[in-house]
Number of protein chains: 2
Amino acid sequence: MRSVTVDHPRGTRVRGTKQASAVAAALASLPGFRSAQEIHAELRRQGETVGLTTVYRHLQVLSEQGVIDTIRDPSGEALYRQCGSTAHHHHLTCRECGRSVEVEGRVVEQWAERVAAEAGFTAVNHTVELFGLCPDHSAARN
Amino acid sequence: MRSVTVDHPRGTRVRGTKQASAVAAALASLPGFRSAQEIHAELRRQGETVGLTTVYRHLQVLSEQGVIDTIRDPSGEALYRQCGSTAHHHHLTCRECGRSVEVEGRVVEQWAERVAAEAGFTAVNHTVELFGLCPDHSAARN
DNA sequence: CTGTTAATGATAATCGTTTCTATTATCAGT
DNA sequence: ACTGATAATAGAAACGATTATCATTAACAG
């Protein structure tokens, strides 16, 4: 394994910092979708010195790189998660614990494309989120 | 036509106010999805005296009643729209102008149910939003 | 080592939304 | 029509999530 200094458009470099790997590590270890603030709190709890600003910055970068997935909970808050598959997929997430299952959606993609074409829309992208209660948290309800 | 005083759980009443009808009227006339602030601005522009708080309150009520639909744009902002169909459906919305097309999604509902059942999740609800460029705004791109 | 400069992080600002609360206005009962 | 009880209003302030500012710190190429 080799620590790489990545090339940027104009000869600029990206530096490998403690915080960058800390955020990545946190995402890799946390099992479900978490908010930026939760991730920040978790890192602080582990004794890492990371600013909230920095956490947001890295989450944004990782998200743009496609390394992590971003969804929005019903209140509009952004949640982040490092996913197993880099391929396009959707999520079924527990409202209580953030635990999530990756689900493929060939059917949905096709449906979206068809619908968009029929309406004459272009540059269409879709967001499909499933929220519910995972088996562990289903019991509490009646 | 009869102006009705609706019954509430505990003998309370709901009053018909100028603001309530103003918000409803604005939603009925505006063609696409609009944010609360846009609706508020629109009402003010028309000379209506409505507070932003009041707009939010009515939007919330109307949304709970199922009279209007609420979606979230990619930034997490809530958008509102009075829809033709009261049945369950989804939307294909223009990123530029908010113009939207109602689309049914039997396929998606079934897919969501199947996926949820397979994962053992309960009380699952899904959000499916399509954003793109309507025919009028597709031209601007190349 | 050292200089350059990307990265950091505390603070402040912003944005959408909600709460607080004193005031206003609706409407049922006269 | 009048009036009293109280639902509804609206501005201000509070709020939580996110972003911008900017002085300071620390990677890393040489």
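This structure is a prediction, so every number in the text was calculated from the model and none was measured. Labels below follow one simple rule: chain letters A, B, ... track the order of the sequence lines, proteins then strands, and each chain is numbered from 1.
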Practice task
Mark up nucleotides 1-6 of chain D, 5' to 3', with B wherever a protein heavy atom is under 4.0 angstrom from a base atom, S wherever such an atom reaches only the sugar-phosphate, and - elsewhere.
Solution key: ----BB

Problem - Side-chain donor or acceptor of Arg72(A) paired with backbone N/O of Gly76(A) under 3.5 Å - result: yes

Could you tabulate the donor-acceptor pairs under 3.5 Å formed by side-chain atoms of residues 111-121 of chain A, not counting sequence neighbours?
unit_1	atom_1	unit_2	atom_2	d
Trp111(A)	NE1	Glu104(B)	O	3.3

Exercise for the section: Please examine the side chains of Val23(B) and Arg57(B), heavy atoms only from C-beta on, and report whether any two atoms are closer than 4.5 Å. Expected result: no

Exercise for the section: Verify the distance criterion only: is there a donor paired with an acceptor across the side chains of His40(A) and Glu48(A) at less than 3.5 Å? Expected result: no

Problem - Any pair counted as ring pair (Phe, Tyr, Trp, His ring centres under 6.0 Å), so long as it reaches residues 57-83 of chain A, sequence neighbours left out - result: none

Exercise for the section: For Thr122(A), enumerate each residue passing the side-chain hydrogen bond (donor to acceptor under 3.5 Å, both in side chains) test, keeping only those at least two apart in sequence or located in another chain. Expected result: Ser138(B)

Exercise for the section: Kindly calculate the angle separating the two end axes of the helix from dC1(C)-dG30(D) to dT30(C)-dA1(D), each obtained from five base pairs, and round it to 10 degrees. Expected result: 30°

Exercise for the section: Go through the structure and list residues passing side-chain hydrogen bond (donor to acceptor under 3.5 Å, both in side chains) with Thr17(A), not counting sequence neighbours. Expected result: none

Exercise for the section: Please state whether the phosphate of dA7(C), meaning OP1 or OP2, lies under 4.0 angstrom from any side-chain nitrogen or oxygen of Gln19(A). Expected result: no

Practice task
Establish, with yes or no, whether the OP1 or OP2 oxygen of dA7(D) is under 4.0 angstrom from a side-chain nitrogen or oxygen of Thr17(B).
Solution key: no

Practice task
Taking the six-membered ring for Trp and the full ring for Phe, Tyr or His, determine whether the centres of His88(B) and His126(B) are under 6.0 Å apart.
Solution key: yes

Handout entry: Interface residues of residues 35-58 of chain B with DNA chain D (non-hydrogen, below 4.0 angstrom)
Key = Arg44(B), Thr49(B), Val50(B), Gly51(B), Thr53(B), Thr54(B), Arg57(B), His58(B)

Practice task
Linking directly or through intermediates, with side-chain heavy atoms under 4.5 Å: list the remaining ILVMFWY members grouped with Phe33(B), chain and number order.
Solution key: Ile71(B), Leu79(B), Phe131(B)

Handout entry: With sequence neighbours excluded, residues passing side chain to side chain contact (heavy atoms under 4.5 Å, CB included) with Glu77(B)
Key = Ser35(B), Asp73(B), Ser75(B)

Practice task
Name every residue in residues 61-68 of chain B that has at least one heavy atom under 4.0 Å from any atom of DNA chain D, in order of residue number, or write none if there are no such residues.
Solution key: none

Exercise for the section: State which residues pass side-chain hydrogen bond (donor to acceptor under 3.5 Å, both in side chains) with Glu42(B); sequence neighbours excluded, sorted by chain then number. Expected result: Arg45(B), Gln46(B)

Problem - Side-chain hydrophobic cluster, 4.5 Å single linkage: members besides Tyr56(A) - result: Leu52(A)

